[in-house]
Amino acid sequence: NDGDFDGNGTADAAATRTISATATGATLTNAGPINIASDGTATFSALTAAGTASTAYTINLAASGISVTGTSHELTLTPGAPAKLLLTTDVQSTVRSGFDMTTAPKVKILDSADNWISDDTTANVTVALVDPSNTAGTQSAEVSAVNGVATFSSLNYSAAAATGYKLQFKLTSIDDGNGGTTAVTSSPVRSSAFAITPGAPAKFAVVAEAASSSANNANIRDSLGLNYPKFKITDAFGNTVTSTGDVTMTVSASVRTGAGQTGVLTSLSGESKTETAGEIEFTNLKLRGKVGNYILTFSASAGSTALTA
């Protein structure tokens, strides 16, 4: 060497030498330069390497002003701790409000160097619905990884029918092995956009109410006298359904009870209708009977399922 070390490897008092580590293709942290001790040794106590798993890297050492032996070390990396996500199974393009998604989205668990941790069972991942205005709601489900993959089965959202919805996945914590979890700060991953369409018929609502009076055995008009009593059929969230023929709506009539009521019902016709594109209009509803006060009661059903008003 240049005389800074004696034959026993002891440095001169005035000498300060350093050593550094490098690796082609891998990222090293805490790689120096660090000072060489007076006994001629140097310890990289916190040296870490990040790169592609199962790839062999060579760590090279270089000192300032002196020659060193054993300057290279071969290292093969394995995946690190969970740090980020990769969406591998995207959402379906359309889902009905209130119905389970038929495609289960999946995300892989990656370390900070993008290596898939194929045996991970410690990562916990949440999902939230992002609305068309790009606002993420609260998390709707949390899934733990199995063999490095978090699978979200049977996701179900009741929401306004629209395009431009997305799902947002986020790695939130890692099981610590002692019954607890350690929080993880990670960037969310979003799915492709998808549409939510109206769900199953669940409710009916008045569009145009029946008039308060009508001629005997004549078509009952709406309250404005312009059209006929009309209703819309909606799903549980309030989206107007787009189906035709799934819902039957019926009308029953009864005489108003109480002192002075004189009505006598003879017949009610046109009292049953099915929906067209989510609407039902009673265009030929007629009540025949003695002059008096009557009550019309509307009900609707989809098969054996009664709809609520």
Side-chain angles (χ1 to χ4, degrees), residues 94-102 129 131-132 137 140 154-163 165 195-309:
T94 302
V95 62
R96 295 180 70 185
S97 178
F99 280 68
D100 288 352
M101 287 187 172
T102 56
L129 181 67
D131 66 25
S140 60
S154 304
L155 290 179
N156 184 312
Y157 295 100
S158 292
T163 59
Y165 285 98
I196 291 181
T197 59
K203 301 178 181 179
F204 65 96
V206 175
V207 175
E209 63 181 354
S212 59
S213 63
S214 176
N216 188 39
N217 203 31
N219 286 339
I220 297 174
R221 311 291 289 198
D222 66 6
S223 58
L224 299 177
L226 301 175
N227 295 293
Y228 303 96
K230 182 186 286 188
F231 298 81
K232 68 176 179 179
I233 309 301
T234 71
D235 62 16
F237 190 82
N239 299 304
T240 300
V241 302
T242 56
S243 60
T244 296
D246 288 345
V247 176
T248 300
M249 197 164 189
T250 57
V251 186
S252 62
S254 60
V255 178
R256 184 182 294 276
T257 59
Q261 301 299 327
T262 58
V264 177
L265 177 64
T266 301
S267 64
L268 183 69
S269 59
E271 73 279 11
S272 181
K273 290 282 187 178
T274 57
E275 99 279 13
T276 300
E279 289 190 338
I280 295 178
E281 187 173 20
F282 289 89
T283 56
N284 59 348
L285 181 62
K286 299 178 182 179
L287 188 150
R288 183 178 181 184
K290 184 178 179 180
V291 173
N293 295 317
Y294 297 85
I295 297 173
L296 297 178
T297 302
F298 296 86
S299 60
S301 62
S304 61
T305 302
L307 276 60
T308 59

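If you're wondering where the values come from, they're calculated on a predicted model, not measured in any experiment. For reference, positions follow the sequence shown, starting with 1.
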Could you verify whether a donor N or O on one side chain and an acceptor N or O on the other, from [X] and [Y], lie under 3.5 Å apart?
| X | Y | answer |
| --- | --- | --- |
| T250 | S299 | yes |
| D100 | N156 | yes |
| S243 | E275 | yes |

What is the minimum heavy-atom distance between [X] and [Y], and which atoms define it?
| X | Y | answer |
| --- | --- | --- |
| N217 | R288 | OD1-CB, 3.9 Å |
| A160 | F237 | N-CE2, 3.1 Å |
| T240 | G278 | CG2-O, 4.0 Å |
| V251 | L268 | O-CD2, 3.5 Å |
| A236 | A202 | N-CB, 3.6 Å |
| N216 | G289 | OD1-N, 3.0 Å |

Rounded to the nearest 0.5 Å, what separation is found between the [atom1] atom of [X] and the [atom2] atom of [Y]?
| X | Y | atom1 | atom2 | answer |
| --- | --- | --- | --- | --- |
| T262 | R256 | OG1 | CZ | 12.5 Å |
| I233 | T244 | CD1 | OG1 | 11.0 Å |
| I220 | S213 | CD1 | OG | 10.0 Å |
| K273 | L285 | NZ | CG | 9.0 Å |
| I280 | T248 | CD1 | OG1 | 7.0 Å |
| L155 | M101 | CG | CE | 5.5 Å |

Check the pair L287, L265 against side chain to side chain contact (heavy atoms under 4.5 Å, CB included), reporting the backbone distance first and the verdict last. CA-CA 8 Å; L287 188 150; L265 177 64; 3.9 Å; yes
List in chain and number order the residues that pass side-chain contact (heavy atoms from CB on, under 4.5 Å) with [X], two or more places apart in sequence or in another chain; answer none if no residue qualifies.
| X | result |
| --- | --- |
| V264 | K290 |
| A195 | T94, T163 |
| K203 | T234, T308 |

Could you check if a side-chain atom of P201 sits within less than 4.5 angstrom of a side-chain atom of L307, using non-hydrogen atoms only?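 SC-SC contact between P201 and L307 confirmed.
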Heavy atoms, side chains only, cut-off 4.5 Å: are V207 and F231 in contact?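 V207 does not reach F231 side chain to side chain.
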Is it true that a side-chain atom of D235 and a backbone atom of G199 form a donor plus acceptor pair closer than 3.5 Å?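 Checking the backbone N and O of G199 against the side chain of D235, a donor-acceptor pair under 3.5 Å is found.
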Donor-acceptor pair, distance only, cut-off 3.5 Å: does the side chain of S158 make one with the backbone of S97?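 Flag not set: sc S158 to bb S97 has no pair under 3.5 Å.
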Just do the side chain to side chain contact (heavy atoms under 4.5 Å, CB included) check on Y157 and V95 with the steps written out, would you? CA-CA 9 Å; Y157 295 100; V95 62; over 6 Å; no
Under 6.0 Å between ring centres, would you say that holds for F282 and F298? yes
NZ or CZ of R221 within 45° of Y228 ring axis and under 6.0 Å: yes
